[in-house]
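Working notes for the structure below.
None of the values given here were measured: they were computed from a predicted structure. Below, all heavy atoms of this structure are taken into account, side chains as well, without hydrogens, waters or symmetry copies.
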Amino acid sequence: MTSADFSMIFKALADSNRLQIVQMLSERELCACKILERFQITQPTLSHHMHILCECGLVKSRKEGKWMHYSLDRERLQEIKCLWDSLMNL
């Protein structure tokens, strides 16, 4: 991953709603409808947040029927953890 990739990820996580979504997804895969229940936002706003999280590679999506299901990309998270660990050792 490049520094531009990491920058996109950290920008995505700088939004409190997106950070909460990532925390929710750390427990299990969730349908968009379940994520939406937790927030006082519209479906298009949730789609915007999910697009950003998917674009930077933190979240994977799959369609099942009319709903999107989201999960964390564990490999990407491991790469971020490695970067973070290396920064902490400076």
Item to complete: Taking all non-hydrogen atoms of both residues into account, name the closest pair between I35 and M24 and its distance.
Response: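 Minimum heavy-atom separation between I35 and M24: CA-CE, 3.9 Å.
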Discussion item. Could you report the tightest heavy-atom contact between R74 and L25, atom names first, then the distance?
Written reply: NH2-O, 3.9 Å
Give a yes or no on whether the backbone of [Y] and the side-chain of [X] come within a donor-acceptor separation of less than 3.5 Å.
X   : Y   : value
N89 : D85 : yes
T45 : I41 : no
S26 : Q23 : yes
R18 : A12 : yes

Between [atom1] of [X] and [atom2] of [Y], what distance do you get to the nearest 0.5 Å?
X   : Y   : atom1 : atom2 : result
H49 : L19 : NE2   : CG    : 11.5 Å
F10 : W84 : CZ    : CH2   : 6.0 Å
C31 : Y70 : SG    : OH    : 9.0 Å
C56 : H51 : SG    : NE2   : 10.0 Å

Under a single-linkage definition using a 4.5 Å side-chain heavy-atom cutoff for Ile, Leu, Val, Met, Phe, Trp and Tyr, are [X] and [Y] assigned to the same hydrophobic cluster?
X   : Y   : result
M68 : M50 : yes
V22 : L46 : yes
L53 : L83 : yes

Does any part of the side chain of [Y], heavy atoms only, come nearer than 4.5 Å to the side chain of [X], both counted from C-beta?
X   : Y   : answer
L58 : I80 : yes
H69 : L30 : no
I21 : F39 : yes
E55 : M8  : yes
V59 : D73 : no

Worksheet entry | Salt bridge present between K60 and E29 (N-O < 4.0 angstrom) | no
Worksheet item: Would you call E79 and K81 a salt bridge, taking side-chain N to carboxylate O under 4.0 Å as the test?
Response: no
Worksheet entry | More than 12 heavy atoms of other groups within 6.0 Å of R28 CZ |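 No - once you tally the heavy atoms of other residues, nucleotides and ligands closer than 6.0 Å, there are 12 at most.
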Discussion item. The test is side-chain contact (heavy atoms from CB on, under 4.5 Å); show your working for R76 and I9 and say whether it passes.
Written reply: CA-CA 10 Å; R76 177 66 67 139; I9 290 166; 3.8 Å; yes
Worksheet item: Would Q43 and S47 count as having a side-chain donor-acceptor pair, cut-off 3.5 Å?
Response: yes
